[in-house]
A.B. asks: 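The structure that follows is given in the form of C-alpha cells.
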Amino acid sequence: MEKPFIWLLNLVALCALFAIVGAIGLHFSEFWLSIGILALLIVVWQFYQLFQLNLWIWHSKKMSPLTTFGPFGQLYQGIHQNQLKNRNKRKQLSHIISSYKAGSEALPDAVVVIDNDYKIVWCNRLARIELGLSWPDKQTLNIVEALKQPDFLNFLVAKRFESPLEMPSPANAHKILEFRGAPFVDNNMMLLIRDVTRLSQIEKMRKDFVANVSHELRTPLTVINGYLEMLPDAADLPPLLVNKAIGEMRTQSIRMQNLIEELLQLSRIEASNDRTFDKLVNVPKLLWQIQTEAQALNRDKHHKLFFDIAPKLYVYGIESELRSAFSNLIFNAIHYTPDKGVVEVKWHLSQNCARFSVKDNGDGIAQADIARITERFYRVDKARSRKTGGSGLGLSIVKHVLTHHNSSLKINSAVGIGSDFSCEFSAELTQIASKPL
Ligand code: ADP
C-alpha cells in the first residue's frame, strides 16, 4: 500500500541528513568536503539499490521484494503488488480458458476453429479423431489440405452456413459427417462436425422401404387390374379362363393382405412398449399348436417333421411375438426344403438357457446371403419366395422379436446341405415349470 507524502518525507529526511552532516563539517571547518562525501555515499547507495532491483526483476526467482528503506522500499512494494495483481488475473484467465476447453471437449460434436487461410487455430479431441487431424503436432495445419475434399473447399468458400455439408469422414469412409459453420471472433470460423451415419442410414432405409413396399404392392395390383380389364367381355370368354382369372385375383389379393398384415406386425413389434419380461409364456403349448399348422402346410410337401419339445420349459416374454417368430422359422423350413425333406424342431434346455432350433436338409443359403437375409424384403430367390407366398419380411420379424427378448438369431447353413436357425433365451428369462400352466 502506498504511504501518502512518502516522497515528501524522504525529501525532508535527505535535507535533514545534509543539514546534520553540513553542521558537523562546518564544526570541523570542512563543510564542502563533508557534503561531497555524503553526496558520493548517496550516489553509491542509489547505484547499489538499482543494481539489486535489476537483479530482482531479471534474475531472482523470488516473488517477495527485498526489504530496504526509503524510496526503493516503496518501489519494491509497488512492483510486488502489481506482480500479485497480474498473477491473480493470469489465474482467472487460465481458469476461463481451461473451462472453455473442457466445455468444448465435453461437447458431443467435433469442433474446429480455423482462420481466414483455413489454418487450424484450435480443435477438440473429437475433431482430431473424427477428421484424423494431427494438430497441434503440425501447428500450421491447413484443414482444406488435411481433408482433401473439393466439396469441403466449396462449402468453406461459399460460406452458406445455413445449409450443412454431408460427406464421408476422412478417417473412416463408412462414417458420414455433417459440417456446420459459423463466424467466430477475429474473422475466424468455427466448424461443428457431428456423426450422422445412423441418420443417413435411417433415411436410406426409409427410402428403400417405401420403394420396396410400393413395388411389392404394385405387382399383385397389376395382375388383378389385368384380369379386371378382361371382365367386361367375360360373357364371351371360356368359363375355364374366367375361373383361372378369379383364382389368380384371389391369390394376389391374399398376397397383398399377407404383406400388409406382416408390415403391421413388424411396425407393432418395433413400436411396442409392452414390458417384455412380465408374463411367463407356455412355449411347449404354443409349439404344439404350430405343429398342427405345420402338419397341414406339409400336406403337399411330404417332409418328415420331427418336434422334440421339452414340456415344462417356459420363457418370460410376449406370446404373440414368440408365436410369430417360431412359426416363421418353422414354415420357412417347410417352404424352402424340396419335397420329402426332413425338418427337425427342438425346444430344450441348454446350460440353463432355453434354446429353440429348426433344422432342415433343404437347399441351404450361401454365406453372402446369410449376412443380408434378415433385411426387410431380402429374398435369396425372389421368384421362389413369391411362389410360396413369401413377402421377405418373415426373418425381419424374427430378428425384431428376438431382439425384443434380449436374444438373437443364429443361422448355420451350407448350400446343398441344409440350414439350422436357432436362438437362445437367457437363464434369467428361462423357467422350468413344476407343473404345466
Ligand atoms: P419370405 O417371406 O420370402 O420367406 P423371409 O424373411 O422369411 O421371407 O426369408 C427370407 C429369405 O430367406 C427367403 O426368401 C428364402 O430365400 C431364405 N430362407 C429363409 N428360410 C430358409 C430356409 N430354411 N432354407 C433356405 N432358405 C431360406
Side-chain angles (χ1 to χ4, degrees), residues 205 208-209 211-213 215-220 251-270 287 290-291 293-294 297-298 300-307 321-347 356-404 407-423:
M205 270 166 63
D208 288 353
F209 184 71
N212 280 325
V213 172
H215 177 76
E216 293 294 327
L217 288 175
R218 201 170 45 209
T219 315
T251 312
Q252 295 299 339
S253 59
I254 290 172
R255 250 193 77 191
M256 278 199 291
Q257 198 177 352
N258 285 345
L259 174 68
I260 290 166
E261 261 163 29
E262 287 199 332
L263 279 173
L264 287 173
Q265 202 178 358
L266 198 56
S267 71
R268 249 195 317 267
I269 295 169
E270 278 178 328
L287 287 175
I290 299 175
Q291 184 178 11
E293 292 163 32
L297 197 70
N298 191 37
D300 303 332
K301 302 283 288 186
H302 309 290
H303 297 314
K304 279 188 184 141
L305 297 186
F306 295 104
F307 276 74
E321 290 190 5
L322 292 175
R323 175 188 297 281
S324 176
F326 294 156
S327 59
N328 259 307
L329 292 173
I330 295 171
F331 298 162
N332 268 355
I334 294 175
H335 283 314
Y336 296 110
T337 301
D339 293 0
K340 297 186 181 155
V342 180
V343 175
E344 292 172 66
V345 178
K346 257 190 173 184
W347 174 245
F356 174 80
S357 67
V358 185
K359 198 173 165 196
D360 64 56
N361 65 346
D363 294 340
I365 309 158
Q367 285 305 311
D369 290 317
I370 291 179
R372 302 196 54 196
I373 209 165
T374 53
E375 284 175 22
R376 290 166 195 207
F377 298 109
Y378 189 82
R379 284 170 285 202
V380 178
D381 181 344
K382 277 206 170 185
R384 193 156 147 215
S385 160
R386 285 221 179 89
K387 235 189 272 169
T388 65
S391 61
L393 291 173
L395 290 182
S396 205
I397 292 175
V398 174
K399 186 175 112 175
H400 275 85
V401 168
L402 294 180
T403 310
H404 224 179
S407 177
S408 60
L409 183 64
K410 299 205 170 44
I411 307 170
N412 272 317
S413 190
V415 177
I417 293 177
S419 315
D420 185 349
F421 290 77
S422 64
C423 61

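In what follows, residues are counted from 1 in the order of the sequence shown. Read the numbers this way: they start at 1 and go in the same order the structure lists the ligands and their atoms.
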A.B. asks: If you count the atoms of ligand 1 from 1 in the order shown, which ones are under 4.0 Å from a heavy atom of Y378?
C.D. replies: 10 (C), 11 (C)
A.B. asks: Quick check: S396 and ligand 1, any N/O pair under 3.5 Å apart?
C.D. replies: no
A.B. asks: Do any nitrogen or oxygen atoms of G394 lie less than 3.5 angstrom from nitrogen or oxygen atoms of ligand 1?
C.D. replies: yes
A.B. asks: Using salt bridge (Lys or Arg N to Asp or Glu O under 4.0 Å), reason through E270 and R376 one step at a time and then give a plain yes or no.
C.D. replies: CA-CA 13 Å; E270 278 178 328; R376 290 166 195 207; 2.3 Å; yes
A.B. asks: Below 3.5 angstrom, do we get any N/O pair linking L395 and ligand 1?
C.D. replies: yes
A.B. asks: For ligand 1, which is the ligand I care about here, please tell me if Y336 has any N or O atom under 3.5 Å from one of the ligand's N or O atoms.
C.D. replies: yes
A.B. asks: Any idea which part of D360 is under 4.0 Å from ligand 1, heavy-atom wise: side chain, backbone, both or neither?
C.D. replies: side chain
A.B. asks: With a cut-off of 4.0 Å, which atoms of ligand 1 are near a heavy atom of G392?
C.D. replies: 1 (P), 2 (O), 3 (O), 6 (O), 8 (O)
A.B. asks: Would you call S419 a ligand 1 contact, heavy-atom distance under 4.0 Å?
C.D. replies: yes
A.B. asks: At a non-hydrogen distance cut-off of under 4.0 Å, which region of F421 contacts ligand 1 (side chain, backbone, both, or neither)?
C.D. replies: side chain
A.B. asks: Which is it for R255 and E261 under the salt bridge (Lys or Arg N to Asp or Glu O under 4.0 Å) test, yes or no, and what are the steps along the way?
C.D. replies: CA-CA 10 Å; R255 250 193 77 191; E261 261 163 29; over 6 Å; no
A.B. asks: Are side-chain N/O atoms of Q265 and S324 paired as donor and acceptor at under 3.5 Å?
C.D. replies: yes
A.B. asks: Report the part of I365 in contact with ligand 1, treating N, CA, C, O as backbone and CB onward as side chain, heavy atoms under 4.0 Å; options are side chain, backbone, both, neither.
C.D. replies: side chain
A.B. asks: Give the intermediate values and the outcome of salt bridge (Lys or Arg N to Asp or Glu O under 4.0 Å) for residues K301 and D339.
C.D. replies: CA-CA 5 Å; K301 302 283 288 186; D339 293 0; 3.5 Å; yes
A.B. asks: Sorted by first residue and then second, give each salt bridge (charged side-chain N to carboxylate O under 4.0 Å, His left out) pair with at least one member in residues 408-418; sequence neighbours left out.
C.D. replies: none
A.B. asks: Measure the spacing between CZ of R372 and CD1 of I365 and express it to the nearest 0.5 Å.
C.D. replies: 14.0 Å
A.B. asks: To the nearest 0.5 Å, what is the distance between CG on L287 and CG on L322?
C.D. replies: 9.5 Å
